[in-house]
Amino acid sequence: MYSGDASTSEDPRACRGPSRRRLRSRVTAVRAPPLADVLRERALVHLPPAAAARLRLVHPSWERRLASPLFAVAHAAAPRRMSGIFVPKAGFLPFDGPDDAVPSPTLAFAPASEGVTVLSSSRGVACCYSPADDAFFVCNPATASWAPVPSPPCRTWPRPAVVVLFDATPYNFRGDYALVCAAECAPGSGAYCFLVFTSGTGAWRATDAVVPAEGLVAASGVAAGGTAWWRTSVGTAVGYSPLTGRVEMVLCPGDSGMWEIGSAGGKLHCAVRDHDNSVSVFRLDEDGSWEEAAARVPVGELLPRRLTKPAGHETGEASGQDLVAQSSFIVEEEVVRLDDGVRLLGFQGAELEVVALAGRRLVALDVRTRGRREVRVPVAQEEDEEEEKEEKRWDGAEYAAHTNTLALVAPAVLACEPMLVEERPDAGEVAFS
């Protein structure tokens, strides 16, 4: 019963004071971690290897973090876009300049007497071949670490059709990988079988899978979702998964005269020329069908006009009247059709990009952000029999897309001689992505 005495009644506002003070003390006790710790633990893993290496001197804790095998595993698993392309003679061409460069663009650290051919790459791990030595090895171009691999018992010539599948799971502390080699069952048959090498077993094993793949393009190999894929010259793409033993074959969703396959976000994609002078990108669904027009890129956006200085502007050879008659800059002629010296190339990475080669222009366009990256292809100098230097321009037929990571490379336990082992489901199989 209310007595009307103010001294005995409870004032709700008087109870709020202690509660607010307790709440403020709790909030004050929860302090945000230092910014340096946040950058070390969360941001470093998303930097390219070359950029991360320059930060080793920031603090000893940063150096320990970058040297940790756990960091290398996390760095290889982190999503990132394609770094560049390996081309013959010139080596590695990075799209983002020094930040995406490798210590040796031509892989001079490799155990090869002459030039090295990069056959394929996945998650920063590349499978390489030395034609002069007939030797194979797997390496990480960003860290210059490598491991020898025995030659497959049978393969395509002159370029072996080999795709590397890297295990990007958080528990791959050794850097395990698998190699899938496609080889024609009999010369001229058009039927291809598959051989698999795993770093755990150190030997090649033959599989029972056979697929028609006439005109298989060895340089088109790409890893997507644990499956090794190649396209053919007859408008098909074939794939083999060493984990499931499944063989897949899909048809080109458009004009097979100009198309290329690639990997984005762990799924197989293909870029196809359209009749309206544009490029359409399709994605392969789980049911084995192409998703229509996942993206469309007009050629004017992929290869826009470029402003260049007129002849004699830099050297001073042009007369004053010529410079006035011309403008300070002239516009190069725009590429009119996709088949006028333009070639679509393969791609890989977390983001979907369309890659094209036009003359010496190597362009990659992100279909989501519409951001363009471009690098100039150098001209190789070759000497003929009369010891005269001849310029030879790369035509885009031989290449390998690559993404730089700090992935570890497992040392393969090699047998004395390359040999085949029986196919067993438990023969050192690991999950590849």
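Since the structure is predicted, the reported quantities are computational estimates derived from the model, not experimental observations.
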Go through the side-chain N and O atoms of [X] and [Y] and say whether any donor and acceptor fall under 3.5 Å apart.
X	Y	result
Thr403	Gln348	yes
Asp134	Tyr129	yes
Asp176	Ser199	yes

*Does the ring center of Phe194 lie less than 6.0 Å from the ring center of Tyr240?*
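Ring-ring flag for Phe194/Tyr240: true, centres closer than 6.0 Å.
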
*Without swapping roles, check the side chain of Asn172 against the backbone of Asp167 for a donor-acceptor pair under 3.5 Å.*
yes

*Could you give all pairs that pass the ring-ring contact (aromatic ring centres under 6.0 Å, His included) test and reach residues 88-122, with sequence neighbours left out?*
Phe86-Phe92, Phe92-His402

Any idea which heavy atoms bring [X] and [Y] closest together, and the distance?
X	Y	result
Thr227	Glu248	OG1-OE2, 4.3 Å
Lys89	Thr106	O-CG2, 4.1 Å
Thr405	Gly124	OG1-CA, 3.4 Å
Ala183	Thr156	CA-CG2, 4.4 Å
Val297	Arg370	CG2-NH1, 3.3 Å
Tyr192	Ala213	CE1-O, 3.1 Å

*Output, in order, the C-alpha distance, side-chain angles, deciding distance and verdict of salt bridge (charged side-chain N to carboxylate O under 4.0 Å, His left out) for Arg296 and Asp274.*
CA-CA 9 Å; Arg296 182 183 292 269; Asp274 279 344; 2.5 Å; yes

Are any non-hydrogen side-chain atoms of [X] and [Y] less than 4.5 angstrom apart?
X	Y	answer
Leu107	Cys128	yes
Ile85	Leu345	yes
Thr198	Tyr177	no
Tyr399	Val118	no
Leu179	Val138	yes
Asn404	Pro48	no
Val363	Arg372	yes
Cys127	Val149	no

*Go through Val210 and Cys185 one step at a time and tell me if the side-chain contact (heavy atoms from CB on, under 4.5 Å) criterion holds.*
CA-CA 8 Å; Val210 179; Cys185 299; 4.0 Å; yes

Nearest 0.5 Å, what's the [atom1]-[atom2] distance between [X] and [Y]?
X	Y	atom1	atom2	value
Leu352	His269	CG	NE2	5.0 Å
Thr232	Leu251	OG1	CG	9.0 Å
Glu351	Asp366	CD	CG	5.5 Å
Arg80	Met82	CZ	CE	14.0 Å
Trp62	Leu57	CH2	CG	11.5 Å

_Which residues pass the side chain to side chain donor-acceptor pair (under 3.5 Å) test with Ser263, not counting sequence neighbours?_
none

*Is Arg246 atom CZ crowded by more than 12 heavy atoms from other residues, nucleotides or ligands, each under 6.0 Å away?*
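Count not over threshold, so no.
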
_Using 30° and 60° as the class boundaries, would you call the ring planes of Phe71 and His75 parallel, tilted or perpendicular?_
tilted

*When you look at Val367 and Glu353, which way does the side-chain contact (heavy atoms from CB on, under 4.5 Å) test go after all the steps?*
CA-CA 6 Å; Val367 299; Glu353 292 183 298; over 6 Å; no

_salt bridge (Lys or Arg N to Asp or Glu O under 4.0 Å): pairs with one or both residues in residues 95-120, sequence neighbours excluded_ =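 Qualifying pairs, neighbours excluded: Arg54-Asp99, Arg81-Asp96, Asp96-Arg373.
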
*Is Asp285 salt-bridged to Lys267, cutoff N-O under 4.0 Å?*
no

*Basic-acidic side-chain contact under 4.0 Å: Glu63, Arg65*: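 Salt bridge between Glu63 and Arg65, a charged N being under 4.0 Å from a carboxylate O: no.
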
*Step by step, work out the side-chain contact (heavy atoms from CB on, under 4.5 Å) result for Leu195 and Thr207.*
CA-CA 6 Å; Leu195 300 93; Thr207 67; over 6 Å; no

